[in-house]
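In what follows, a single structure is set out as C-alpha coordinates and then discussed.
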Amino acid sequence: MLEGKAILAARIRELIELTVLVDGPESMFAEAADRVAAVVSILRAATDSEPGVPAGRGWPPGVDDALEGVGNPLAPPMIIGHPGESGADGEVAALVTLGSAHEGAPGRAHGGWVAAILDHAVGRAAAQAGSPGMTVSLTVDYHRATPYGVPLDVRSRRVDQAGRKVFASAEILTDGQVTASATATLVTVRALANKAGGERPGPGSD
Ligand SMILES: CCCCCCCCCCCCCC(=O)SCCNC(=O)CCNC(=O)[C@H](O)C(C)(C)COP(=O)(O)OP(=O)(O)OC[C@H]1O[C@@H](n2cnc3c(N)ncnc32)[C@H](O)[C@@H]1OP(=O)(O)O
(Lines give C-alpha, C1' and ligand atoms only; values in the text may rest on other atoms or scores of the structure.)
Protein backbone atom coordinates (compact mmCIF):
# COMPACT_ATOMS: atom_id res chain seq x y z
CA MET A 1 0.00 0.00 0.00
CA LEU A 2 1.94 2.96 -1.37
CA GLU A 3 0.07 5.70 0.47
CA GLY A 4 0.51 4.08 3.87
CA LYS A 5 4.20 3.47 3.23
CA ALA A 6 4.75 7.06 2.11
CA ILE A 7 3.02 8.33 5.25
CA LEU A 8 5.12 6.02 7.44
CA ALA A 9 8.32 7.21 5.70
CA ALA A 10 7.30 10.85 6.21
CA ARG A 11 6.78 10.18 9.94
CA ILE A 12 10.17 8.48 10.16
CA ARG A 13 11.79 11.50 8.48
CA GLU A 14 10.19 13.65 11.20
CA LEU A 15 11.50 11.21 13.78
CA ILE A 16 15.03 11.46 12.37
CA GLU A 17 14.87 15.24 12.28
CA LEU A 18 13.61 15.48 15.87
CA THR A 19 16.14 12.91 17.10
CA VAL A 20 18.90 15.15 15.74
CA LEU A 21 17.39 18.32 17.21
CA VAL A 22 16.05 17.22 20.59
CA ASP A 23 17.74 17.24 23.94
CA GLY A 24 16.12 16.03 27.14
CA PRO A 25 16.27 13.65 30.07
CA GLU A 26 17.50 10.05 29.69
CA SER A 27 14.02 8.83 30.64
CA MET A 28 12.49 10.57 27.62
CA PHE A 29 15.03 8.98 25.26
CA ALA A 30 14.42 5.57 26.87
CA GLU A 31 10.65 5.87 26.47
CA ALA A 32 10.96 7.01 22.87
CA ALA A 33 13.39 4.16 22.08
CA ASP A 34 10.94 1.60 23.55
CA ARG A 35 8.12 2.95 21.41
CA VAL A 36 10.27 2.87 18.29
CA ALA A 37 11.22 -0.74 19.12
CA ALA A 38 7.49 -1.59 19.14
CA VAL A 39 7.15 -0.13 15.63
CA VAL A 40 10.21 -2.10 14.48
CA SER A 41 8.52 -5.31 15.69
CA ILE A 42 5.41 -4.58 13.61
CA LEU A 43 7.50 -4.14 10.45
CA ARG A 44 9.82 -7.07 11.24
CA ALA A 45 6.80 -9.39 11.58
CA ALA A 46 5.58 -8.35 8.12
CA THR A 47 8.71 -9.14 6.09
CA ASP A 48 10.93 -12.09 5.25
CA SER A 49 13.65 -9.78 3.86
CA GLU A 50 16.88 -9.56 5.79
CA PRO A 51 18.17 -6.03 6.48
CA GLY A 52 21.23 -5.26 4.36
CA VAL A 53 20.63 -7.98 1.78
CA PRO A 54 20.49 -6.38 -1.71
CA ALA A 55 16.92 -6.14 -2.92
CA GLY A 56 17.67 -5.53 -6.62
CA ARG A 57 14.84 -3.07 -7.20
CA GLY A 58 13.55 -2.31 -10.68
CA TRP A 59 13.52 0.53 -13.14
CA PRO A 60 12.22 3.24 -13.02
CA PRO A 61 13.24 4.30 -9.50
CA GLY A 62 10.31 3.44 -7.26
CA VAL A 63 8.92 4.23 -3.85
CA ASP A 64 11.93 2.68 -2.13
CA ASP A 65 14.58 4.55 -4.13
CA ALA A 66 17.44 6.00 -2.04
CA LEU A 67 17.02 9.56 -3.37
CA GLU A 68 13.50 9.90 -4.74
CA GLY A 69 11.54 7.16 -3.02
CA VAL A 70 8.65 8.62 -1.05
CA GLY A 71 8.51 5.30 0.82
CA ASN A 72 12.20 5.40 1.76
CA PRO A 73 12.76 7.49 4.91
CA LEU A 74 16.40 8.03 3.93
CA ALA A 75 15.32 9.71 0.68
CA PRO A 76 14.79 13.49 1.24
CA PRO A 77 12.81 12.73 -1.14
CA MET A 78 13.82 14.23 -4.47
CA ILE A 79 10.73 15.11 -6.53
CA ILE A 80 11.43 14.59 -10.20
CA GLY A 81 9.48 16.89 -12.52
CA HIS A 82 8.53 16.22 -16.09
CA PRO A 83 11.09 17.06 -18.74
CA GLY A 84 10.66 20.67 -19.77
CA GLU A 85 8.38 21.37 -16.80
CA SER A 86 10.71 23.81 -15.10
CA GLY A 87 13.99 23.05 -16.87
CA ALA A 88 14.86 23.58 -20.52
CA ASP A 89 13.90 20.96 -23.08
CA GLY A 90 15.92 17.77 -22.56
CA GLU A 91 16.68 18.67 -18.95
CA VAL A 92 15.56 16.78 -15.91
CA ALA A 93 14.20 19.18 -13.30
CA ALA A 94 13.78 18.17 -9.69
CA LEU A 95 13.01 19.67 -6.30
CA VAL A 96 14.54 18.50 -3.06
CA THR A 97 14.46 19.79 0.51
CA LEU A 98 17.12 18.68 2.95
CA GLY A 99 16.81 18.97 6.73
CA SER A 100 18.91 19.38 9.87
CA ALA A 101 19.82 15.70 9.73
CA HIS A 102 21.63 16.45 6.46
CA GLU A 103 23.79 19.18 7.95
CA GLY A 104 27.54 19.18 7.30
CA ALA A 105 29.35 22.40 8.12
CA PRO A 106 27.19 24.46 10.52
CA GLY A 107 24.04 25.75 8.85
CA ARG A 108 24.67 24.16 5.46
CA ALA A 109 24.01 20.83 3.77
CA HIS A 110 26.67 18.12 3.97
CA GLY A 111 28.74 17.91 0.80
CA GLY A 112 28.14 14.17 0.55
CA TRP A 113 24.39 14.72 0.31
CA VAL A 114 24.98 17.44 -2.28
CA ALA A 115 27.06 14.97 -4.31
CA ALA A 116 24.42 12.24 -3.94
CA ILE A 117 21.74 14.58 -5.31
CA LEU A 118 23.95 15.52 -8.25
CA ASP A 119 24.83 11.86 -8.88
CA HIS A 120 21.17 10.93 -8.95
CA ALA A 121 20.38 13.86 -11.22
CA VAL A 122 22.97 12.89 -13.84
CA GLY A 123 21.79 9.27 -13.67
CA ARG A 124 18.23 10.40 -14.28
CA ALA A 125 19.29 12.61 -17.18
CA ALA A 126 21.21 9.79 -18.87
CA ALA A 127 18.26 7.45 -18.45
CA GLN A 128 15.79 10.03 -19.72
CA ALA A 129 17.98 10.56 -22.78
CA GLY A 130 17.75 6.81 -23.49
CA SER A 131 21.20 5.84 -22.13
CA PRO A 132 20.71 4.44 -18.63
CA GLY A 133 24.08 3.89 -17.04
CA MET A 134 26.18 3.89 -13.93
CA THR A 135 28.31 6.79 -12.84
CA VAL A 136 32.02 5.96 -13.17
CA SER A 137 33.22 9.51 -12.53
CA LEU A 138 31.60 12.46 -10.77
CA THR A 139 33.34 15.81 -10.31
CA VAL A 140 31.56 18.17 -7.93
CA ASP A 141 32.23 21.89 -7.54
CA TYR A 142 30.88 23.49 -4.38
CA HIS A 143 30.38 27.16 -5.26
CA ARG A 144 28.61 28.40 -2.15
CA ALA A 145 26.65 27.05 0.82
CA THR A 146 23.82 24.71 -0.10
CA PRO A 147 21.12 25.43 2.48
CA TYR A 148 18.76 22.98 4.11
CA GLY A 149 15.17 23.65 5.09
CA VAL A 150 14.36 25.29 1.74
CA PRO A 151 13.44 23.69 -1.60
CA LEU A 152 16.45 23.29 -3.87
CA ASP A 153 16.12 23.33 -7.66
CA VAL A 154 18.04 20.57 -9.38
CA ARG A 155 18.71 20.52 -13.13
CA SER A 156 20.55 17.91 -15.18
CA ARG A 157 21.02 16.89 -18.76
CA ARG A 158 22.95 14.52 -21.02
CA VAL A 159 25.67 16.52 -22.73
CA ASP A 160 27.28 14.00 -25.06
CA GLN A 161 27.79 10.32 -25.74
CA ALA A 162 30.71 8.31 -27.12
CA GLY A 163 30.05 4.61 -27.43
CA ARG A 164 28.96 3.36 -24.02
CA LYS A 165 30.21 6.52 -22.29
CA VAL A 166 27.62 9.18 -21.52
CA PHE A 167 28.60 12.67 -20.40
CA ALA A 168 26.16 14.60 -18.24
CA SER A 169 26.06 17.66 -16.03
CA ALA A 170 23.89 18.91 -13.19
CA GLU A 171 23.43 21.88 -10.86
CA ILE A 172 21.70 22.68 -7.60
CA LEU A 173 20.22 26.16 -7.37
CA THR A 174 18.63 28.22 -4.67
CA ASP A 175 17.22 31.70 -5.25
CA GLY A 176 18.42 31.36 -8.83
CA GLN A 177 22.05 30.95 -7.78
CA VAL A 178 24.05 27.80 -8.39
CA THR A 179 25.34 26.39 -5.09
CA ALA A 180 26.95 23.24 -6.52
CA SER A 181 27.49 21.73 -9.94
CA ALA A 182 28.81 18.46 -11.32
CA THR A 183 30.07 16.88 -14.47
CA ALA A 184 29.88 13.14 -14.79
CA THR A 185 30.79 10.21 -16.98
CA LEU A 186 28.40 7.29 -16.95
CA VAL A 187 28.79 3.95 -18.67
CA THR A 188 25.70 2.39 -20.16
CA VAL A 189 25.01 -1.02 -18.77
CA ARG A 190 25.23 -3.55 -21.59
CA ALA A 191 22.01 -5.32 -20.59
CA LEU A 192 20.16 -2.01 -20.47
CA ALA A 193 21.44 -0.23 -23.56
CA ASN A 194 18.38 0.74 -25.63
CA LYS A 195 16.14 -0.67 -22.91
CA ALA A 196 15.48 2.25 -20.57
CA GLY A 197 11.94 1.07 -19.92
CA GLY A 198 12.94 -2.45 -18.91
CA GLU A 199 13.63 -4.07 -15.57
CA ARG A 200 17.00 -3.35 -14.03
CA PRO A 201 19.15 -6.41 -13.50
CA GLY A 202 20.03 -7.39 -9.95
CA PRO A 203 22.91 -5.79 -8.05
CA GLY A 204 26.36 -6.64 -9.36
CA SER A 205 25.21 -7.51 -12.86
CA ASP A 206 26.29 -5.41 -15.82
C1 LIG B 1 21.84 0.65 -13.86
C2 LIG B 1 21.40 1.96 -14.21
C3 LIG B 1 20.00 2.03 -14.49
C4 LIG B 1 19.52 3.43 -14.60
C5 LIG B 1 19.31 3.96 -13.26
C6 LIG B 1 18.96 5.44 -13.30
C7 LIG B 1 18.34 5.71 -11.98
C8 LIG B 1 18.42 7.15 -11.58
C9 LIG B 1 19.74 7.55 -11.16
C10 LIG B 1 20.37 6.58 -10.23
C11 LIG B 1 21.67 7.13 -9.84
C12 LIG B 1 22.44 6.11 -9.12
C13 LIG B 1 23.89 6.47 -9.33
C14 LIG B 1 24.71 5.43 -8.77
O15 LIG B 1 24.63 5.15 -7.62
S16 LIG B 1 25.79 4.69 -9.82
C17 LIG B 1 26.64 3.65 -8.68
C18 LIG B 1 28.05 4.09 -8.52
N19 LIG B 1 28.76 3.59 -9.63
C20 LIG B 1 29.13 2.32 -9.73
O21 LIG B 1 28.88 1.48 -8.86
C22 LIG B 1 29.88 1.97 -10.97
C23 LIG B 1 31.04 1.03 -10.65
N24 LIG B 1 31.67 0.65 -11.91
C25 LIG B 1 31.29 -0.44 -12.56
O26 LIG B 1 30.48 -1.24 -12.08
C27 LIG B 1 31.90 -0.66 -13.91
O28 LIG B 1 32.89 0.33 -14.12
C29 LIG B 1 30.85 -0.59 -15.06
C30 LIG B 1 29.95 -1.85 -15.03
C31 LIG B 1 30.01 0.68 -14.98
C32 LIG B 1 31.60 -0.54 -16.40
O33 LIG B 1 32.40 -1.67 -16.48
P34 LIG B 1 32.60 -2.39 -17.89
O35 LIG B 1 33.57 -3.47 -17.67
O36 LIG B 1 31.28 -2.74 -18.48
O37 LIG B 1 33.18 -1.22 -18.78
P38 LIG B 1 34.70 -0.76 -18.99
O39 LIG B 1 35.51 -0.88 -17.77
O40 LIG B 1 35.18 -1.45 -20.24
O41 LIG B 1 34.52 0.80 -19.28
C42 LIG B 1 33.73 1.24 -20.36
C43 LIG B 1 34.27 2.59 -20.80
O44 LIG B 1 34.17 3.51 -19.69
C45 LIG B 1 35.46 4.08 -19.40
N46 LIG B 1 35.63 4.32 -17.97
C47 LIG B 1 35.54 3.43 -16.98
N48 LIG B 1 35.74 4.04 -15.81
C49 LIG B 1 35.95 5.33 -16.07
C50 LIG B 1 36.21 6.46 -15.28
N51 LIG B 1 36.30 6.39 -13.95
N52 LIG B 1 36.35 7.66 -15.87
C53 LIG B 1 36.26 7.79 -17.22
N54 LIG B 1 36.02 6.73 -18.04
C55 LIG B 1 35.87 5.54 -17.45
C56 LIG B 1 36.46 3.00 -19.88
O57 LIG B 1 37.72 3.57 -20.14
C58 LIG B 1 35.77 2.53 -21.14
O59 LIG B 1 35.97 3.49 -22.16
P60 LIG B 1 36.46 3.03 -23.61
O61 LIG B 1 37.73 2.30 -23.39
O62 LIG B 1 35.35 2.12 -24.09
O63 LIG B 1 36.56 4.31 -24.37
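Numbering of ligands and ligand atoms starts at 1, following listing order.
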Would you tell me which option among L186, V189, T188, V136 has the nearest heavy-atom contact to atom 53 (C) of ligand 1?
V136
Do S156 and R124 get their side chains close enough for a donor-acceptor pair, meaning under 3.5 Å?
no
Closer than 4.0 Å to some heavy atom of D119 - which atoms of ligand 1 meet that?
13 (C), 14 (C), 15 (O)
Could you tell me if R108 and T146 have a donor-acceptor pair between their side chains, going purely by distance under 3.5 Å?
no
Which segment of V187 sits under 4.0 Å of ligand 1 when only heavy atoms are counted
side chain
State, with a plain yes or no, whether a side-chain heavy atom of V187 is found less than 4.5 Å away from one of V166.
no
Taking only Lys NZ, Arg NE, NH1 and NH2, and the carboxylate oxygens of Asp or Glu, determine whether D153 and R155 approach each other closer than 4.0 Å.
yes
Tell me, please, which residues at least two apart from T185 pass side chain to side chain donor-acceptor pair (under 3.5 Å).
none
Does ligand 1 have an atom under 4.0 Å from some heavy atom of G133?
yes
With atoms numbered from 1 as shown, which atoms in ligand 1 lie under 4.0 angstrom from a non-hydrogen atom of H120?
8 (C), 9 (C), 10 (C), 11 (C)
Give the atoms of ligand 1, by number and element, whose distance to some non-hydrogen atom of R124 is under 4.0 Å.
8 (C), 9 (C)
Taking the side chain from H120 and the backbone from I117, do they hold a donor-acceptor pair closer than 3.5 Å?
no
Taking only non-hydrogen atoms of P132 and a 4.0 Å limit, the atoms of ligand 1 in range are 4 (C)
Less than 3.5 Å between some nitrogen or oxygen of K165 and one of ligand 1, yes or no?
yes
